[in-house]
Asks: 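Mind looking over this structure? Questions follow.
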Amino acid sequence: MSSAVKTEKAVISKADGARLQRHRNIGIMAHIDAGKTTVTERVLFLTSRIHRVGEVHDGAATMDFLEEEQKRGITIQSAATTVEWDKHTINIIDTPGHVDFTAEVERSLRVLDGAVAVFDAVQGVEAQSETVWRQADRYKVPRICFINKMDRIGANYEKAVQSLIDRLGARPLVIQIPIGAEKDFAGVIDLVAMKAYAFEEDGGKGRKEIPIPEDMAEEAELRRHELCETAAEFDEALLDLFVEDEEIPLDLLQAAIRKGTLAMEITPVLCGSALKDKGVRYLLDCVIDYLPNPLDIPPVEGMVPRSDETATRSPSSDAPMSLMVFKTVAELTGDLTFVRVYSGVLQKGSRVLNPRTGRYERIGRLLRIHANKREAVDEIHAGDIAAVMGLKQTVTGDTLCDDEHPILLSAIQFPEAVISMAIEPKKGQDRDKLTEVIARLTREDPTFRASTNEETGDLVISGMGELHLEVILGRITNEHKCEVSTGRPKVAYKQRLTKLKEIETRYVRQSGGRGQYAVIHMRYESAEIETEPVEFVSEIKGGAVPREYIPAVGAGVKNAVLAGGRTGYPFVNVKAVLFDGKAHDVDSSEMAFQAAGHQSFMEACQGNSTLLEPIMKIEVRVPEEFLGGVVGDLNGRRGEVAEVEASGDLRIVRGAVPIAEMFAYTSALRGATQGRGSFAMELQEYRPVPHALAEKVLNGEA
């Protein structure tokens with residue numbers, strides 16, 4: 001039976017409509033080193049948001065303001081800014097390109113309306129390009145592609161566009177072709193307007209129209225024909241003109257391309273070189289012309305708390321207020337919380353409801369963010385992105401809303417941590433400080449986890465990869481001035497039940513006075529559960545276990561599942577069914593049934609588990625002369641090589657390998673390829689550990 005849909009009817013006013021049509025919320029996404037942050041720097045310069053361009057390689061980029069980002073020359077956390085272009089307001093989020101920080105892309109795409117995917121003209125689609133592209137598909141984010149670094153040696157526009165088809169299954173629509181390449185990259189031909197432009201030496205701010213080069217006229221006509229043929233699929237009037245071979249008006253063609261882009265049927269492609277100020281102004285024009293405004297996006301949908309009803313919110317200032325928290329930065333003066341307002345108006349000083357906790361929050365200050373600079377405002381309207389100071393108990397993924405019209409938006413799903421290590425403060429007096437710092441970092445980063453090993457008492461931190469934990473440790477030491485000692489990295493193994501088991505558990509304690517009494521009959525099996533590690537089901541009939549004690553059994557089982565039994569590795573895909581039991585009129589309590597649930601699972605998993613390890617999808621790029629050594633090394637690491645692709649004098653090796661075998665691989669690859677190899681990894685799946693190795697892991701020998 002389908003649940004009811006409760007729609008809040010809010011008419012979008014004329015003023016709201018005009019404001020929203022001139023509004024864009026976009027992300028810049030790509031593989032590491034494709035040039036996202038450089039593109040953003042040029043956008044800031046072109047729109048006069050900054051007056052001097054900072055370079056990533058100098059550690060001076062505006063959007064890379066963290067000390068660790070400047071030191072490493074990479075983006076670690078997403079940074080937000082707002083610019084004005086052609087009477088439009090554009091909120092931009094510059095996201096990281098390294099797989100260890102993929103959660104930053106995940107949470108940004110959840111609240112963005114459109115995206116610019118940046119690709120290296122030499123490399124084309126790379127490993128992390130695939131990851132961010134899939135994330136954008138999942139959140140139904142329309143995008144345009146910018147083939148960057150066209151002035152590099154080896155730049156190949158055709159090949160880069162073809163890689164969008166081969167690797168991403170995309171349908172690229174070429175709307176620009178380059179005039180020249182590598183050091184001769186001098187301009188572009190705009191196939192939509194059918195005009196050619198040469199790049200000016202003025203920081204990209206000028207636009208110099210030139211005749212279409214004679215030697216490119218035939219190719220331009222052919223490409224224009226292909227462009228119009230594809231666009232005609234999205235507009236009948238355009239189709240009629242195309243079939244009759246008549247002149248096609250510019251506005252009609254742009255409207256058809258926009259329609260296809262918003263439907264995610266096509267992806268416009270243009271080119272340039274951000275570092276040399278080439279092509280970025282045309283990219284901004286395309287953001288305005290083809291990417292969605294908040295009115296182009298379907299009304300956001302969520303659940304009415306404590307009901308089966310779904311509810312929608314339109315981006316109207318007159319609708320009940322609703323927003324999503326998509327990022328938290330823990331600061332000494334309080335958390336800085338980034339929000340996307342979906343409906344209504346968020347006002348400074350207002351009281352809002354957090355439907356997840358059922359508690360109210362007070363909006364302290366409202367801020368517009370430009371990297372690490374802030375501008376105070378009094379209110380934020382529907383469709384906009386801003387930051388809030390003063391929230392106490394709200395975390396990433398939470399909804400805040402009007403308490404008279406509550407709505408709970410779907411939460412952001414984050415990937416699991418794959419490696420962990422034990423840490424402790426070098427000075428005993430820093431123990432409380434370290435605990436406080438860890439708490440702040442876990443609030444900021446949903447993929448960073450911390451727990452205490454019950455057997456050893458060690459503080460264990462977990463993350464998405466070696467670089468992720470390196471950066472975390474760097475922040476603890478440098479930003480928070482807390483020196484720590486670390487153990488060696490360990491794999492974040494998991495466990496799965498091997499076979500179905502039925503368990504009767506009796507938890508009976510008598511020690512004078514009131515005792516503890518709980519008897520439960522449980523059935524445990526392994527099942528495919530996508531969201532939670534354990535699915536708890538009650539089949540109790542006739543009150544064998546009183547209704548008020550059933551959730552306590554579930555809580556006890558869940559605690560034991562996450563604790564991981566004897567080995568400490570958490571279980572996944574557990575289906576736990578409570579089908580019978582007994583209670584005592586006097587001695588039974590929630591505590592007794594929770595303890596029984598915990599004890600029951602501990603008995604069920606004894607000798608009944610399979611150890612699982614994270615298997616990483618890997619892509620290694622190496623010069624041809626080192627290919628044999630690299631493939632042999634991967635095979636020696638229990639890797640499976642799926643394919644080897646040629647790209648100029650490089651060879652791209654793709655496959656899968658257990659992360660347990662990949663610690664310190666950066667150094668090994670550098671040594672094996674004289675520093676000329678590079679690689680990228682991301683979690684692919686969990687697989688059973690070979691029996692002999694599992695024995696060693698469980699005995700603490702590996």
Side-chain angles (χ1 to χ4, degrees), residues 86 116-117 119 121 124 142-148 150 155-166 168 170-182 184-200 204 206-273 278-291:
D86 193 20
V116 176
F119 299 91
R143 67 219 78 144
I144 58 179
C145 295
F146 183 66
I147 308 297
N148 192 26
M150 279 298 300
N156 188 323
Y157 187 60
E158 296 295 326
K159 189 176 173 188
V161 171
Q162 186 61 40
S163 73
L164 299 175
I165 301 168
D166 298 340
L168 303 177
R171 190 183 180 192
L173 181 73
V174 174
I175 61 173
Q176 277 184 359
I177 53 175
I179 299 173
E182 300 182 347
D184 298 321
F185 180 50
V188 293
I189 298 174
D190 178 352
L191 298 173
V192 180
M194 210 50 186
K195 293 179 179 178
Y197 299 100
F199 296 125
E200 295 274 50
R207 183 199 289 265
K208 182 183 177 185
E209 187 177 339
I210 59 171
I212 293 175
E214 287 183 21
D215 61 337
M216 296 186 70
E218 189 178 334
E219 182 192 356
E221 285 293 340
L222 179 63
R223 290 299 190 94
R224 161 82 175 189
H225 183 82
E226 291 171 356
L227 171 79
C228 294
E229 184 179 20
T230 302
E233 296 176 24
F234 306 101
D235 190 288
E236 286 192 20
L238 176 56
L239 179 60
D240 291 340
L241 292 172
F242 178 75
V243 170
E244 298 295 328
D245 202 22
E246 293 185 25
E247 186 66 30
I248 295 172
L250 177 63
D251 58 348
L252 188 65
L253 181 55
Q254 286 181 324
I257 295 171
R258 179 179 179 81
K259 188 176 178 183
T261 305
L262 298 189
M264 292 175 60
E265 296 284 333
I266 54 175
T267 308
V269 182
L270 57 159
C271 60
S273 170
K278 294 178 177 180
V280 177
R281 67 168 300 123
Y282 307 113
L283 173 63
L284 278 168
D285 290 340
C286 286
V287 166
I288 302 300
D289 291 340
Y290 306 126
L291 288 184

Asks: Is the side chain of K278 donor-acceptor paired with the backbone N or O of F185 at a distance under 3.5 Å, no angle test?
Replies: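 Yes, K278 side chain to F185 backbone: donor-acceptor pair under 3.5 Å.
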Asks: Taking all non-hydrogen atoms of both residues, which atom of L241 and which atom of L252 are closest, and how far apart?
Replies: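 Nearest pair, atom of L241 first, then L252: CD1-CD2, 3.7 Å.
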Asks: Identify the heavy atoms of A196 and P213 that sit nearest to each other, and give their distance.
Replies: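 Heavy atoms only, the tightest pair is CB-CD, 4.4 Å.
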Asks: Find out whether C145 and V161 are in side-chain contact, i.e. whether some heavy atom of one side chain is under 4.5 Å from a heavy atom of the other.
Replies: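 C145 vs V161: side chains apart.
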Asks: Where do I257 and A231 come nearest, in terms of heavy atoms and distance?
Replies: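 Taking every non-hydrogen atom into account, CG1-CB, 4.2 Å.
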Asks: Filter on ring-ring contact (aromatic ring centres under 6.0 Å, His included), then keep only pairs touching residues 233-272, sequence neighbours left out; what's left?
Replies: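 Passing the test, one end in residues 233-272: H225-F242.
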Asks: Nearest 0.5 Å, please: how far is CG in D245 from SG in C228?
Replies: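 Separation between the atoms: 10.0 Å.
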Asks: With heavy-atom distances below 4.5 Å as the criterion, would you say the side chains of K159 and Q162 are in contact?
Replies: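 No - every pair of side-chain heavy atoms lies 4.5 Å or more apart.
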Asks: Between I189 and R224, is there a side-chain heavy-atom distance shorter than 4.5 Å?
Replies: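 A side-chain contact is absent here, since even the closest heavy-atom pair is not under 4.5 Å.
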Asks: Answer yes when R171 and E233 have at least one side-chain N-carboxylate O distance shorter than 4.0 Å, and no when they do not.
Replies: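 Yes, charged N to carboxylate O under 4.0 Å.
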Asks: State the CG-CD1 distance between L291 and I144, to the nearest 0.5 angstrom.
Replies: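 L291 CG to I144 CD1: 4.5 Å, rounded to 0.5 Å.
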Asks: Knowing that exactly one of I147, L173, I177 qualifies, which makes a side-chain contact (heavy atoms from CB on, under 4.5 Å) with V269?
Replies: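 When I147, L173, I177 are each tested with V269, the side-chain contact (heavy atoms from CB on, under 4.5 Å) holds only for I147.
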Asks: Once rounded to the nearest 0.5 Å, what's the spacing between atom CG of L239 and atom CD of E244?
Replies: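 The CD atom of E244 is 10.0 Å from CG of L239, to the nearest 0.5 Å.
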Asks: Checking L227 against L253 for the side-chain contact (heavy atoms from CB on, under 4.5 Å) test, could you report, in this order, the C-alpha distance in whole Å, the side-chain angles of both residues, the deciding distance, and whether it holds?
Replies: CA-CA 9 Å; L227 171 79; L253 181 55; 4.2 Å; yes
Asks: Run the side-chain contact (heavy atoms from CB on, under 4.5 Å) check on Y282 and D190 step by step: do they pass?
Replies: CA-CA 9 Å; Y282 307 113; D190 178 352; over 6 Å; no
Asks: Measuring from atom CD1 of I212 to atom CD of E219, what distance do you get when rounded to the nearest 0.5 angstrom?
Replies: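 That separation rounds to 11.0 Å.
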Asks: For E218, look at atom CD and say whether over 12 heavy atoms of other residues, nucleotides or ligands are found less than 6.0 Å away.
Replies: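 Atom CD in E218 is not packed in, count stays at 12 or less.
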Asks: Do side-chain atoms of Q176 reach the backbone of C271 as a donor and acceptor pair under 3.5 angstrom?
Replies: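 Yes.
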Asks: Starting from the C-alpha separation in whole Å, work towards a yes-or-no answer on side-chain contact (heavy atoms from CB on, under 4.5 Å) for L250 and V192.
Replies: CA-CA 7 Å; L250 177 63; V192 180; 3.6 Å; yes
Asks: Between CD of E182 and OG of S273, what distance do you get to the nearest 0.5 Å?
Replies: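 Interatomic distance, E182 CD to S273 OG, rounded to 0.5 Å: 12.5 Å.
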Asks: Backbone N or O of T267 within a donor-acceptor pair of the R143 side chain at under 3.5 Å?
Replies: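 No; judged by distance alone, with no hydrogens or angles, the pair does not exist.
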Asks: For the CD atom of E200 and the NZ atom of K208, what is their distance to the nearest 0.5 Å?
Replies: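 Here the interatomic distance stands at 5.5 Å.
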Asks: Are the charged groups of E236 and K259 less than 4.0 angstrom apart, N to O?
Replies: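 Salt bridge flag = no for K259 with E236.
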